[in-house]
Amino acid sequence: MLVKKRRTAWKVWPVLGSSFLVYPALAQTVNVPAGLPPTVNATYQEVGMGGWTPPTSTTTQQISGSGSVVSTTTTTGSSTDALQSMYSQSWGYAAAQNASALGVTPDALAATCVVESGCRNVYTANGNSSITGAFQMSNGTYNEALQKALTSNPSLASSITNTGISGQQDPATQAVAAAQYLKDAATSLQNAGISNPTALDARAYYNFGPTAGQAIARATDDTPMSQFVSASHMANNGISSNETVGQWRANVASKMGSAASSPILSS
C-alpha cells in the first residue's frame, strides 16, 4: 500500500489584476524574562475603617533567574514600638482610627495603653473601683470623656459598639474616651505653658488628674513626687516614697519606649 505524502498547499489569490502567494503560518515564540513576574497584592479595607490607611511594613524579596528566593528583607514604617503593640491587638487599628478622628495621634494613645495594661483588655473592676479595660478608665471618667468626644465628632457613634457604660469593656470604644481625655490633657498643659505636650508630658494628668498633672509636667527632675501625689496613690502606682519626678519620668518613658516623645495632638 502506497502512502502519499501530503504537501503543503499553496494558494494564489488574485488581487486587482495581480496575485500573491499565501505562505503557511509559522509557530510564534514568546520570550519571557527570567524569574518570577511581580505579584500584585490587592488590599481591601476592613469594614468600618473608612478612608484611614494605617502604616504597614514592606517586604522585599530578591528572586534568582530560576525562581528561587535569594533573600527576604522586611522594613517597618516610622510608627513607634508602642503603636506596633497596639496594632497587634484585634482592635488596634480601630482604636487608632478613632483617636485620629479626634485629632489625637495613635502613638500617644498607644503609649497610654502600653503603660496601663500592656494593651490588653483586662477586667479589673471590683467592689472598690470601676477602673477597667485596656485604657484603665473609671466609669465616671469614661462616660464623661466619651460623651464629650461624641459631641465633638458625632460620626464616631457609628464606629463603636454602644454609647453606654457597657461599651467600656470594648477597647476600640474605650479608646474614644481615652483619646478625648488625652486631648483634654494636652489642652490643659498648653494652658500651663507647654506648647506641644507629649505622651510623657500627659502621663501624670491621665494618672493623677488635672491639678497634679499640670504641676508634675512643669516640675524639675529633682522634685519629690510626694509633693504632688498622696502616699496611697504613690503606693498604688508602684512609686517609692522618695522617688523624684525625674526618676518617675524615666520609669514611665522606659515603658512607653519611643512613643514617650510622641506629641498628643496631630494638628
Side-chain angles (χ1 to χ4, degrees), residues 79-86 95-96 99 102-120 122 124 129 131-138 141-142 144-145 149 171 174-266:
S79 58
T80 62
D81 42 5
L83 187 57
Q84 292 305 318
S85 294
M86 191 170 77
L102 287 170
V104 173
T105 62
D107 292 281
L109 180 70
T112 301
C113 82
V114 163
V115 175
E116 290 291 347
S117 65
C119 286
R120 293 175 295 113
V122 293
T124 52
S129 172
I131 294 176
T132 190
F135 298 91
Q136 290 289 286
M137 303 186 76
S138 66
T141 301
Y142 164 79
E144 181 179 351
Q174 195 182 54
V176 175
Q180 180 62 54
Y181 199 63
L182 285 172
K183 187 175 183 178
D184 292 343
T187 301
S188 174
L189 294 176
Q190 285 178 330
N191 292 336
I194 300 175
S195 60
N196 190 25
T198 65
L200 180 58
D201 292 329
R203 180 59 201 160
Y205 184 107
Y206 194 96
N207 209 168
F208 307 118
T211 302
Q214 275 195 9
I216 294 173
R218 299 175 62 187
T220 57
D221 283 346
D222 59 349
T223 307
M225 284 291 290
S226 58
Q227 183 171 321
F228 312 107
V229 184
S230 67
S232 61
H233 277 99
M234 288 177 65
N236 291 337
N237 287 275
I239 303 173
S240 61
S241 59
N242 59 349
E243 191 166 321
T244 65
V245 169
Q247 291 171 329
W248 174 81
R249 284 174 178 153
N251 184 43
V252 172
S254 68
K255 295 176 181 177
M256 289 183 170
S258 56
S261 59
S262 297
I264 296 171
L265 303 178
S266 57

Sub-3.5 Å donor-acceptor pair from the side chain of Q190 to the main-chain atoms of S195, do we have one? yes

Which heavy atom in L109 sits nearest to a heavy atom in A179, and how many Å separate them? CD1-N, 4.0 Å

Heavy-atom check, side chain of V114 versus side chain of M86, under 4.5 Å: no

Trace of the side chain to side chain donor-acceptor pair (under 3.5 Å) decision for Q247 with N251: CA-CA 6 Å; Q247 291 171 329; N251 184 43; over 6 Å; no

Would you name the heavy atoms of A110 and C119 that are closest together and state the gap between them? O-SG, 4.1 Å

Under the criterion side chain to side chain donor-acceptor pair (under 3.5 Å), I'd like the reasoning laid out for D107 against T105: C-alpha separation, chi angles, the key distance, then a yes or no. CA-CA 5 Å; D107 292 281; T105 62; 5.2 Å; no

Does the side chain of V245 reach to within under 4.5 Å of the side chain of T220, using non-hydrogen atoms? no

Here the gap from N207 atom CG to W248 atom CH2, rounded to the nearest 0.5 Å, amounts to 7.0 Å

Crowding at CD, E243 (>12 non-hydrogen neighbours, <6.0 Å): yes

Please name the pair of heavy atoms, one in A177 and one in A145, separated by the smallest distance, quoted to 0.1 Å. O-CB, 3.4 Å

Do T112 and R203 make a side-chain contact, defined as non-hydrogen atoms from C-beta onward lying under 4.5 Å apart? yes

Side chain to side chain donor-acceptor pair (under 3.5 Å), that's the test. Do N191 and S188 meet it? Break it down for me. CA-CA 5 Å; N191 292 336; S188 174; 5.9 Å; no

Would you find a donor on one side and an acceptor on the other, under 3.5 Å apart, between the side chain of T132 and the backbone of T124? yes

Hey, what do you get for CG (L189) to CZ (R218), rounding to the nearest 0.5 Å? 10.0 Å

Of all the heavy-atom pairs spanning S117 and A134, show the shortest one and how long it is. OG-O, 2.7 Å

With a 4.5 Å limit on heavy-atom distance, are the side chains of T244 and D221 in contact? no

Correct closest heavy-atom pair for M256 and A199 would be CE-O, 3.5 Å

Has Q174 got a side-chain atom pairing as donor or acceptor with F135's backbone, closer than 3.5 angstrom? yes

Where D81 and G257 come nearest, the two heavy atoms and their spacing: OD2-CA, 3.8 Å

So which pairs with a foot in residues 189-225 pass ring-ring contact (aromatic ring centres under 6.0 Å, His included), sequence neighbours left out? Y181-Y205, Y181-Y206

Taking the side chain as every heavy atom from C-beta outward, state whether S138 and I131 have any atom pair closer than 4.5 Å. yes

Under the 3.5 angstrom rule, does the side chain of Q136 hit a backbone N or O of V115 as a donor-acceptor pair? no

To the nearest 0.5 Å, tell me how far I216 CD1 sits from D201 CG. 12.0 Å

Find out whether L265 and K183 are in side-chain contact, i.e. whether some heavy atom of one side chain is under 4.5 Å from a heavy atom of the other. yes

Any chance you could measure M225, atom CE, to S230, atom OG, to the nearest 0.5 Å? 10.5 Å

